[in-house]
Amino acid sequence: MSSIENNKEKLIIFDTSLRDGEQSPGVTLNTEEKIEIAKQMSRLGVDVLEAGFPIASIGDFEAVQRIAREAGPLMEGREKIGQPMTICGLARSTPADIQRCAEAIKDAPRRRIHCFLATSDLHLKYKLKIDRDECVKRAVAAVTLAKSLVDDVEFSPEDAGRSDREFLCHVLGKVIEAGATTLNIPDTVGYNLPSEYGSLIKHLKENVPGAEKVIFSTHCHNDLGLATANTLAGIQNGARQVEVTINGIGERAGNTAMEEVVMAVHTHPTLFPVYHTINTPLFFPTSRMVSELSGMVVQPNKAIVGRNAFLHESGIHQDGVLKNRQTYEIITPESVGVTDIALVLGKHSGRNALRSRGAEMGFNLDETAFQRVFEDFKTLCDQKKNVSDDEIRAIFTKSQPIIHL
Ligand code: KIV
Ligand code: ZN
């Protein structure tokens, strides 16, 4: 498929649920579970899957290797995309990490090495204890080695969101010369505001020597609850890859949620100069799979995939939705794979919602009988928050005229 569709550029979806997501406190996935998730990511239409951090442990290495072999070649559900998912491994900017990574991904038909090195003065001084010159030297050496092993090399200046812009431009220019094809700009600690992060991407695109040869990518953490907003600002300022996770899992407060970014772009096609090739009806099943296997519960009010995302409780909303769903829904539940939506009946519900639930159950009462049902329903609602279908059926049944034979 061409990278231009209707004069829009392709937005590359890079999923890091199995790497950054797996770094969420409390998440443990075994190899079989990781493979199951990787295969689902392929069906979902993910372009690049960061399968893990191969040097981290033997288990991580084997998981990345099996994903490369078993999920790397899959084409099911990817007809529109026309190519299998790229399998990526993470490496620090050291020869041992990079070689181990290359070994783990080598059987994938499409593969990428992602190396990273911090660039903020804070990280250089306290964590790495090196100066800026040494940072540039290590970054260039890492990308040069990676490029000798694979064509597709991504470089991340860790803590870019707090790095000196001039220095960032210098390092990034040097890694482009060394062969990097994607430059990922992490807001590692979730510090940036959307205007700040957007302007950072714009500044780098305009000032990094050789910027026109590479793809810029976002990687935003959610410490201030701004990961999705920052990622969208990044796209509006020229990023063409987004690093995301399902359900927003990731270090600390998490990473950017894929389903939120994709559905924002999907819902506002005129505001973003990009298109995506994600099979959005797989969002809900994928979210549930990741939640069950990772043990990370999805909050009920989570955008797009939360249990309540398409439920309406207030009577005014229920009445509107029954008349036309668009009154209170900006995307259809079906478009993200949510089926079997029922109105939640409780004390805020109105007559229209109750009558319609009764009709679904096969009850068609005259006005007087329905009025009795409605009064019984409201009495029950004063006693409990939500009324179940069985209780509604019982109330309607009680009001049916008894036929004596
Ligand atoms: O948040 C971060 O900086 C990262 C890098 C390894 C890309 O996860
Ligand atoms: Zn991260």
Side-chain angles (χ1 to χ4, degrees), residues 12-25 27 48-56 60 64 86-94 97-98 100-101 104-105 112-124 126-128 135 138-139 142-143 146 152-164 167-168 171-172 175 180-192 196-197 200-201 204 214-228 230-231 234 239 241-258 260-261 294 296:
I12 298 165
I13 306 296
F14 176 117
D15 180 88
T16 182
S17 302
L18 294 178
R19 200 280 297 168
D20 210 315
E22 219 225 353
Q23 289 173 219
S24 310
V27 167
V48 185
L49 178 76
E50 189 161 59
F53 192 4
I55 195 98
D60 270 41
V64 175
T86 295
I87 306 299
C88 172
L90 183 69
R92 285 168 299 186
S93 290
T94 68
D97 274 45
I98 293 165
R100 191 84 173 135
C101 181
I105 59 173
R112 171 182 297 186
I113 295 177
H114 174 193
C115 26
F116 72 99
L117 182 65
T119 49
S120 68
D121 288 331
L122 202 65
H123 279 234
L124 294 186
Y126 294 104
K127 188 181 81 174
L128 299 174
C135 173
R138 286 190 195 180
V143 171
D152 187 348
V153 177
E154 172 169 327
F155 178 77
S156 286
E158 191 190 3
D159 204 18
R162 294 188 299 172
S163 297
D164 175 68
F167 178 57
L168 209 44
V171 185
L172 294 178
V175 297
T181 39
T182 299
L183 299 182
N184 179 45
I185 310 303
D187 179 18
T188 303
V189 289
Y191 171 74
N192 293 147
E196 194 182 12
Y197 188 76
L200 174 60
I201 298 288
L204 296 177
V214 298
I215 299 278
F216 279 84
S217 168
T218 64
H219 181 111
C220 300
H221 279 271
N222 205 30
D223 300 67
L224 292 174
L226 294 170
T228 297
N230 286 350
T231 299
Q241 173 179 285
V242 288
E243 299 201 352
V244 289
T245 62
I246 288 291
N247 300 337
I249 60 173
E251 280 272 2
R252 306 180 310 280
N255 209 297
T256 309
M258 183 198 305
E260 295 176 11
V261 171
S294 68
M296 289 278 282

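All ligand and atom numbering here is 1-based and tracks the order in the structure. Just so you know, these numbers come straight off a predicted model, no measurement behind them. This chain uses plain numbering: 1 for the first residue, then up along the sequence. Just the heavy atoms: all of them, side chains too, but no hydrogens, waters or symmetry mates, feed the values below.
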Peer 1: Is the shortest side-chain heavy-atom distance between Leu204 and Leu183 below 4.5 Å?
Peer 2: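 Side-chain contact under 4.5 Å: no.
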Peer 1: Which atoms of ligand 1 sit under 4.0 Å from any heavy atom of Pro186?
Peer 2: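 It comes down to these atoms of ligand 1: 2 (C), 3 (O).
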Peer 1: Do the charged groups of Glu243 and Arg19 touch, with an N to O distance under 4.0 Å?
Peer 2: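 A salt bridge is absent here (no side-chain N lies under 4.0 Å from a carboxylate O).
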Peer 1: Counting only heavy atoms, which portion of Glu243 has something under 4.0 Å from ligand 1: side chain, backbone, both, or neither?
Peer 2: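 No part of Glu243 is near ligand 1 at this cut-off.
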Peer 1: Have a look at ligand 1 and work out which part of Thr188, if any, has a heavy atom under 4.0 Å from it: side chain, backbone, both or neither.
Peer 2: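 Within the 4.0 Å criterion, Thr188 contacts ligand 1 through backbone and side-chain atoms alike.
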Peer 1: Which of the numbered atoms in ligand 1 are under 4.0 angstrom from any heavy atom belonging to Ser156?
Peer 2: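 The atoms of ligand 1 under 4.0 Å from a heavy atom of Ser156 are 7 (C).
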Peer 1: Between Glu251 and ligand 1, which part of the residue brings a heavy atom under 4.0 Å of the ligand: side chain, backbone, both or neither?
Peer 2: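 None of Glu251 does.
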Peer 1: Do Cys115 and Ser156 touch side chain to side chain, with heavy atoms closer than 4.5 Å?
Peer 2: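 A side-chain contact is absent here, since even the closest heavy-atom pair is not under 4.5 Å.
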Peer 1: I need the nearest protein heavy-atom contact for atom 4 (C) of ligand 1: residue, atom name and distance, please.
Peer 2: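 Heavy-atom neighbour on the protein nearest atom 4 (C) of ligand 1: His219 NE2, 3.5 Å.
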Peer 1: Please name the residue in the list Thr256, Asn222, Val242 that meets the side-chain contact (heavy atoms from CB on, under 4.5 Å) test with Thr228.
Peer 2: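 With Thr228 as partner, Thr256, Asn222, Val242 yield a single side-chain contact (heavy atoms from CB on, under 4.5 Å), made by Thr256.
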Peer 1: Cut-off 3.5 Å, side chains only: do Asp20 and Asn255 have a donor facing an acceptor?
Peer 2: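 Yes - a donor-acceptor pair under 3.5 Å links their side chains.
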Peer 1: Using a cut-off of 2.8 Å, find all protein N, O or S atoms closer to the Zn ion (ligand 2) than that distance.
Peer 2: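 Protein N, O or S atoms closer than 2.8 Å to the Zn ion (ligand 2): Asp20 OD2, His219 NE2, His221 NE2.
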Peer 1: Find out whether Tyr197 and Thr231 are in side-chain contact, i.e. whether some heavy atom of one side chain is under 4.5 Å from a heavy atom of the other.
Peer 2: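 In short, these two side chains do not touch, never coming nearer than 4.5 Å.
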Peer 1: Relative to the heavy atoms of Glu158, which atoms of ligand 1 are at a distance of less than 4.0 Å?
Peer 2: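 This gives 3 (O) as the contact atoms.
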Peer 1: With a 4.0 Å cut-off on heavy atoms, is Arg19 touching ligand 1?
Peer 2: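 For ligand 1, residue contact (heavy atoms, under 4.0 Å) with Arg19 is present.
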Peer 1: With a 4.5 Å limit on heavy-atom distance, are the side chains of Val48 and Arg112 in contact?
Peer 2: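 When only atoms from C-beta onward are counted, Arg112 and Val48 do touch, with a gap below 4.5 Å.
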Peer 1: Consider every N or O of Asp20 and every N or O of ligand 1, then say whether any pair is closer than 3.5 Å.
Peer 2: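 In this structure, Asp20 places an N or O atom under 3.5 Å from an N or O of ligand 1.
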Peer 1: Looking at Phe167, I'd like to know if its CZ atom is crowded, meaning that more than 12 non-hydrogen atoms belonging to other residues, nucleotides or ligands lie closer than 6.0 Å.
Peer 2: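 Yes.
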Peer 1: Which atom names give the shortest non-hydrogen contact between Leu117 and Cys135, and what distance separates them?
Peer 2: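 Distance-wise, the nearest heavy atoms are CD2-O, 3.3 Å.
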